Amino acid sequence: MYRAVPAQIDLPAMEHEILSLWQLQSTFERSLEQSKARPSWVFYEGPPTANGTPGTHHVEARAFKDIFPRYRTMKGYHVPRQAGWDCHGLPVELAVEKELGFTGKQDIEAFGVAEFNDRCRESVLRHVGEFTEMTRRMGYWVDMDSAYWTMDSSYVQSVWWSLKQIFDKGLLVQDHRVAPYCPRCGTGLSDHELAQGYETVVDPSVYVRFPITDPAFVAKYPNAALLVWTTTPWTLVSNTAVAVKPSAQYVVAQIADGEVLVVAAELAASLFGEDFVVLGEMPGTELEHIAYERPFDLIEIPDAHYVILADYVTTDDGTGLVHQAPAFGADDLTSCRAYGLPVVNPVRPDGHFNDEVPLVGGVFFKKADEALVALLQKNGKLFKHVQYEHSYPHCWRCHTPLIYYAQPSWYIRTTAIKDSLIAQNEATNWFPNTIKHGRFGDWLENNVDWALSRNRYWGTPLPIWRCENEHLVAVGSLAELSELSGRDVSSSDPHRPFVDDITLPCPTCSATATRVPEVIDCWYDSGAMPFAAVGYPQSAIDFQAQYPADFICEAIDQTRGWFYTLMAIGTLVFEESSYKNVVCLGHILDEDGRKMSKHLGNVLEPIGLMNDHGADAVRWFMLASGSPWQARRVGHAAIGDVVRKTLLTYWNTVAFQSLYGRLANWDPAGTAPAPADRPVIDRWLLSEANRLAIEVDAALDQFDTQRAGRLLATFVDDLSNWYVRRSRRRFWDGDPAALATLHEALRITTLCMAPFTPFITERVWQDLMSNGEAGDSVHLQSWPTPESGLVDDKLAKEMALVRRVVELGRAARASSAVRTRQPLRRALVSASGWGELSPELIEQVCEELNILSTDALDSEEAGLVDISMKANFRALGQRFGKQTPLVANAIAEADAAGIQASLRTTGSAVVDAGELGTVSITADEVIVTESPREGWAVATEAGESIALDLVITDELRRAGLAREVVRAIQEARKNSGFEISDRISIWWTSTDADAQLMWAAHANEIAGEVLATSVSEAAGGAIAVSVPELDLQLAISRN
RNA sequence: GGGCCUAUAGCUCAGCUUGGUUAGAGCGCUUCCCUGAUAAGGAAGAGGUCGAUGGUUCAAGUCCAUCUAGGCCCA
């Protein structure tokens, strides 16, 4: 027996009840417990950074992270789901700095690193609480009790272990890194900080001659010089090389005054005007290793000063030859390093040139430009000097111009495993697939070494100790550190500053070794989660059983973040990527297509959104509205739409089933006619429901929630607006076949929808499907086993035709202005396949359109219909190719009726296709439209027609009046608040002969329709009923 | 500067993989119909040079190329 289901439902309130139910019955824990012995389907949770309040985009990712584990669990897998929190990193530090009103590292040092890190830890704990609440509210089932925290000691030690593996392979090294750096604050800036500080400034833009000294080149082109452009003359002091683009063409040009210069061919005209002569031309590759004389001779730079090749060089502006100062440019450093060129930096960390440098010693780097340009002028190296306005990064705190500055930094040599990374990527399934060889593949192809270290405080300390003799020791755990240092530090906090205080005798030379000062990039932390989350290898857990992941999912910004670090660390440490399938989501935008940001005030707060519309609605929107891969706009209107269109339609169908199931005292476990013995519409619904289970399964298997959602929404619509609409009468009568059919359809729908909308489906399961055992849950069920024998493609096609004809009939009704309540004598239908429909299906059309009978249109006299015919290009094109239009024209011009007759009798017909001669065509090569001529209401679409006979006899008219009376009484019943099972009595009087004839003919029918036990031609009744079309006094009373 | 994505009705989006001659849905608007579950449903109307150009083809919203605009990521 069903529970009573209210017709109207407060979805958010219902969800809160379900949350309590799950908690009370430990449903999630039990779903894990009952699947324990099954094969694993591995999911990794990417840890959100706990440095702010959760946003709507977190709900998006979490909806996807939830649906697939739920789905796979139903499909018979065990899917452990460990939550995780990303705790370290600059975002956390900056938030705390802001809270404390700090402006830089000096403040942190003064405050004390231990205290500062305590504040960071506290900040993380605070924000994790908000994520926990949002996660619970949206029904994301993930085990937060056993969550991994990247700041936990065991986690940090796992990270250390992995870094030691990488160090031992020789892939963790210290090197120089060029980064934006504020010379006043004495600290590097992150990219995020950099973006805030661009200011427009005017700098000198100089074109400088670098005389060529290569003997062979000089022999061919005497006195030739490279022409080099730069906006940072102060870096010319450190000039180490000149880079050219290998694929570009270069010219040796003699200009007006006889001077000979080498520039990119594309730029010669813009540099020299028309007045120059090309002495020679060559690709960039031929310039490689050409030696030149550097502009200044102020500092020592050995083994340098020749042309190198670099792909990043452009020929859009400048000269196509780029001056290289590896200490002051990231690209410069990369390209110079490839040639083994030295990195010489004459600028002190405070931004001033070293005192011993001639001319500019002790001068602030920016201030040196003037003197240097003057010297260039003096020694004849300056070709051209202009002022150049451009935007240049400044420190957002103190507005000092930043310097791109080479700093020592620790790198992981990911370039050494580039080929493996690419191979791993080839074996990975990306959704959408374009990421694989697009954004991500491109990133791998252009792989650079991973700059791992940060000169910061709140992070995993880099576990490398160094002695005064530069010997390095990588430490893989606190136990190892205890052993090396000779004191037990196994329960110490592995963070700064405590770990900094631990020294050890160098295993090589016994000198005291101290830890290097850096912490590591927090992206390494999260990328290490496959093993660090379980404390491998310090813990005894066999993480390999959960490696690699079958599924991970994040938004697209993670291509260079977590998606990369996971794959890189997996490949570095285990020579295998950590995931097989990755779903990459688009971003969430506001209703106007803008990014959500606190600054714009357009942030949708997730818990508020879910309390307004329900978590199911928000989840459905994320999963099924629009394409997950694409940036999507989200707003209240869009989510409200989900509620009305999908969730409430589903709910109303459930309420309907519950209502009539209870009225009939129907028992879902009782017997019902075998499907084959049920009416055609039942067989159709069972076919569609089973097809649904198969197709949703296939879509989810391919991670396609959009398609699965569309299938479900369409089915729910069919269920409510075709099956229930067409079958209502049988439910009123408590027909067990109808109840059993709808029950089964709802059971399958509820199971298929459960991973999408876990709340409403749980409610429905409890009310309609539960076997009554305490703790039963839709989320403990298996995926519905489709009965393929019930899937009937022929019936699906036939029903589709029926529904198309009904649509046409409604259109015809509308155009004739004869309302549907008025029965009509008959309809004529012309449609391919109509003749083969069973009487049962045709009856569906008659009932829906209120028509007594139908006939095939072609059974009428030829004079009644017009026949028109056009080519079916799809069929003709395959046969005639280029000649298709000839045949199509011939068909259009031929006598349609004659061809129709020929096709019908012989199965083929002949048309005269001009130069092709006569051609024989078959029925499937033409589209025939038949339409009746006079006195009919007609609608035609795509070759299918229906014509309604508009002749209304007195009998038909009275039958129509009877339906008016029924409708009026029903409305009165409803308005008076009668229960739908209440019985009534009818009183009526009329002086109208027509009304009396109507009652004589239809009284029983009316009584049956409105559940009247008596119909009296007399005054009486409590509730007057008005029937505008009729001179009739009518009243009813509840018995 | 590079890579990727997107462009279809007033708005939000399907359709494009596999080309077929009247390009669909929802929301909104107008008119009408139906209602014994429904906060629903149905019909008609208005609203489309399917971003532009060129190409392939008998045939292009769909395939190819170029371009334009917007977005994201990276320099």
Side-chain angles (χ1 to χ4, degrees), chain A residues 5 7-9 191 311-317 330-331 432-435 437-443 445-446 555-561 586-587 589 591 593-595 625-627 629-635 637-638 640-645 647-649 651-660 706-707 710 713-714 717 720-722 724-725 728-729 731-732 806-815 817-821 848 850 870-878 880-888 927 939 941-942 966-967 969-971 973-974 978-981 1009-1011:
Chain A
V5 169
Q8 299 189 358
I9 183 169
D191 291 343
D311 280 314
Y312 82 90
V313 175
T314 70
T315 51
D316 299 324
D317 51 14
D331 287 328
N433 192 250
T434 51
I435 307 282
H437 294 121
R439 188 173 287 213
F440 194 77
D442 184 53
W443 167 246
E445 289 292 343
N446 295 303
I556 191 161
D557 52 287
Q558 296 297 330
T559 40
R560 282 143 203 226
H587 282 130
L589 307 171
E591 278 176 307
R594 297 173 305 175
K595 226 173 170 172
S625 283
S627 168
W629 335 126
Q630 237 165 277
R632 286 180 292 167
R633 302 178 181 199
V634 60
D641 220 44
V642 170
V643 173
R644 285 187 305 112
K645 292 297 297 179
L647 298 183
L648 289 182
T649 305
W651 182 259
N652 288 327
T653 309
V654 166
F656 178 88
Q657 171 76 353
S658 165
L659 179 65
Y660 290 103
Q706 184 188 19
R707 180 173 147 70
R710 194 162 59 232
T714 304
D717 193 66
S720 172
N721 293 319
W722 183 249
V724 172
R725 178 189 170 83
R728 276 184 286 214
R729 222 154 264 272
F731 286 87
W732 304 341
V806 163
E807 268 183 43
L808 284 172
R810 286 179 186 140
R813 279 254 179 201
S815 67
V818 178
R819 48 174 52 168
T820 312
R821 277 198 292 273
E848 184 64 19
N850 198 15
K870 63 178 180 176
N872 177 2
F873 278 85
R874 196 185 274 274
L876 280 182
Q878 281 175 9
F880 293 103
K882 220 166 233 190
Q883 269 80 42
T884 306
L886 286 175
V887 183
I927 295 168
E941 171 98 22
V966 167
R967 194 197 62 79
I969 293 175
Q970 300 292 25
E971 195 169 295
R973 284 182 60 118
K974 196 171 177 182
F978 291 7
E979 292 297 320
I980 56 164
S981 52
E1009 286 289 304
V1010 302
L1011 300 184

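By convention in this document, chain letters (A, B, ...) are assigned in the order of the sequence lines, proteins followed by strands, and residues within each chain are numbered from 1. Note that this is a predicted model, so its numbers are computed, not measured.
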- Message: In this structure, how many angstroms lie between the C1' atom of rG36(B) and the CZ atom of Phe656(A), rounded?
- Response: 9 Å

- Taking the side chain as C-beta and beyond, is there a heavy-atom pair between Val313(A) and Asp331(A) under 4.5 Å? no

- Query: Rounding to a whole Å, what distance do you find between Arg725(A):CZ and rG36(B):C1'?
  - Reply: 13 Å

- Note on the structure: To the nearest angstrom, the CG-P distance between Asn652(A) and rG36(B) comes to 15 Å

- Classify the side chain of Ser720(A) and the base of rA37(B) as holding, or not holding, a donor-acceptor pair under 3.5 Å. yes

- Item | For Arg729(A), all residues meeting salt bridge (charged side-chain N to carboxylate O under 4.0 Å, His left out), sequence neighbours excluded | Glu1009(A)

Enumerate all atom pairs, one protein N or O and one N or O from nucleotides 58-63 of chain B, separated by less than 3.5 Å.
unit_1	atom_1	unit_2	atom_2	d
rC58(B)	O4'	Lys882(A)	O	3.3
rC58(B)	N1	Gly881(A)	O	3.2

- Hey, where does RNA chain B pair up into stems, meaning at least three consecutive Watson-Crick or G-U pairs with distances under 3.5 Å? B:1-7 with B:68-74, B:10-13 with B:24-27, B:29-33 with B:41-45, B:51-55 with B:63-67

- Can you sort out the partners of Phe731(A) under ring pair (Phe, Tyr, Trp, His ring centres under 6.0 Å), two or more places apart, ordered by chain and number? Phe656(A)

- Qualifying residues under side chain to side chain contact (heavy atoms under 4.5 Å, CB included), relative to Leu1011(A), sequence neighbours excluded: Arg973(A), Arg983(A)

- Short side-chain N/O contact to rA14(B) OP1/OP2 from Arg710(A), under 4.0 Å: no

- Item | Those residues that, when tested against Arg725(A), pass salt bridge (charged side-chain N to carboxylate O under 4.0 Å, His left out) (two or more places apart) | Glu848(A)

